[in-house]
Amino acid sequence: MSSLPGENSPDTTLGVPQVSDGPGSSEAPETGTQETETPEKTNSPQETMAESTPAAEEPSPSPEMVVGTRSNTPQCLTPTADGTEETHNDISSIDYSNASDGYVMAVYTGTNSKVKMQIKSPNGVTYTYNLTGSDYEAFPLSSGNGSYEITILENVGGTSYIICLTTTISVSLTSEFSPYLYPNQYCSFNASSKTVAKAKELAEPANSDLDVVTNVYNYIIENITYDYDKASTVPSGYVPNVDAILASGTGICLDYAAVMTSMLRSQRIPTRLEVGYAGDAYHAWISTYISDIGWVNGIVEFDGQSWELMDPTFAASNSESTLKEFIGEGSNYVVKYMY
């Protein structure tokens, strides 16, 4: 039986639950009266109509939709539990059939209401997730090649857990980008998601991946406002619902990052949702991979040539001194987890 550190005191300062290292109208001008005699004239019906009926204005042509040279067809990869490589017991299963694509699937069907899964990665970082339903969920293998220990744990009271199922797997990725193209628990999307449809729309005028990133970034920071109330009350284990966030137009830093990550992944652009520290504050932002440039590690703003810290939360509210104090100025970002 083990106790998971941080179980009772998650850091929600920024709305990111701390992940434990363990489990008008116008009038016509008046016309003056001319006082000279003029011969009477009888207007024809056609002339009378022409004088009394103003000429119809021709409608302005609709602006043509700009279509870029880059295909904006979405690519929504679907994680699957194929059953070819897995370990299970009566109430849980860990499926690693597609570990080479950068993810594992897990499910718990027992009666315990508080179940967690831990993934201990090759670089020593331990990721702790909640297992919340009776369907398989996808979890990224974020640390590249190597040995991963995966464990499902059941709560037995307080912060104490016992092992329900565990396995160790050796991972060799077919592509370093795979973990950052698939959906997972933190950025869950599919072909029918409204978020994917909006990304397709934003990518339509793009000529390059960088154009897509620019369009998505600008849309996010202009259309989602920061929710301070949510940030102060977000529960431990919170995961974003990207379509709900897009519809509401409000969110916390994890929400901003999840929506942007989902949009870019659906447009075939590898994107990391990163969680860590902005100064002393726990925070979330993203990094993305641009062909011919490489990984762009963070954005505060884009000046047309270069990016600085890809943090849509900060950019969306960079006129608010409160949020600047809340998350720092962006000069001291430290990544702890990548999803």
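We're numbering straight along the sequence, starting at 1.
With sequence neighbours left out, the salt bridge (Lys or Arg N to Asp or Glu O under 4.0 Å) criterion links Glu201 to Lys198. Every residue two or more places apart in sequence or in another chain was checked for a side chain to side chain donor-acceptor pair (under 3.5 Å) with Ser188, and none qualifies. Remark: Ser192 pairs with Asn190 by the side chain to side chain donor-acceptor pair (under 3.5 Å) rule, at least two apart or across chains. The salt bridge (Lys or Arg N to Asp or Glu O under 4.0 Å) check on Arg70 picks up Asp209, with sequence neighbours excluded. Residues that satisfy the side chain to side chain donor-acceptor pair (under 3.5 Å) test with Asp227, not counting sequence neighbours, are absent from this structure.
Here Tyr226 and Tyr228 bring their ring centres to under 6.0 angstrom of each other. Aromatic pair Phe139/Tyr129: ring centres closer than 6.0 Å.
Annotation for Lys120 and Thr126: closest pair CG-OG1, 3.4 Å, computed over non-hydrogen atoms. Between Pro179 and Leu173, the shortest heavy-atom distance links the atoms CG-CD1, 4.0 Å.
With hydrogens and angles ignored, the 3.5 Å screen pairs a side-chain donor or acceptor of Thr271 with a backbone N or O of Ile269. Put simply, the side chain of Thr174 gets close to the backbone of Ser100: a donor and an acceptor are under 3.5 Å apart. Of the possible donor and acceptor atoms, one in the side chain of Tyr256 sits under 3.5 Å from a partner among the backbone N and O of Ile224. Listed for the Asn218 side chain is no donor-acceptor partner under 3.5 Å among the backbone atoms of Asn215. Judged by distance alone, with hydrogens and angles left aside, the side-chain atoms of Asn241 form a donor-acceptor pair with the main-chain N or O of Ala244 at under 3.5 Å. Not one N or O on the side chain of Asn98 forms a donor-acceptor pair closer than 3.5 Å with the backbone of Ala81. A donor-acceptor distance shorter than 3.5 angstrom exists from the side chain of Ser248 to the backbone of Thr250, with no hydrogens or angles considered. The closest donor-acceptor contact from the side chain of Asn112 to the backbone of Glu154 lies at 3.5 Å or more, if one exists at all.
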> Could you walk me through whether Ser142 and Tyr337 pass the side chain to side chain contact (heavy atoms under 4.5 Å, CB included) check?
Replying inline: CA-CA 8 Å; Ser142 304; Tyr337 303 104; over 6 Å; no

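Thr233 places none of its side-chain heavy atoms less than 4.5 Å from the side chain of Asp229.
Counting only residues at least two apart or on different chains, no salt bridge (Lys or Arg N to Asp or Glu O under 4.0 Å) pair has a member in residues 72-100.
Aromatic ring pairs are classed by plane angle as parallel below 30°, tilted from 30° to 60° and perpendicular above 60°; the pair Tyr339 and Tyr186 is parallel. Classification of the Tyr182-Tyr103 ring pair by plane angle, with boundaries at 30° and 60°, yields tilted.
Using a 3.5 Å distance cut-off with no hydrogens or angles, the side chains of Glu149 and Thr168 do not pair a donor with an acceptor. Of the N and O atoms on the side chains of Asp243 and Thr195, at least one donor lies less than 3.5 Å from an acceptor on the other residue. With no hydrogens or angles considered, no side-chain donor-acceptor pair links Thr167 and Thr87 at under 3.5 Å. At a cut-off of 3.5 Å, with distance as the only test, no side-chain donor of Thr132 or Asn130 sits close to an acceptor on the other residue.
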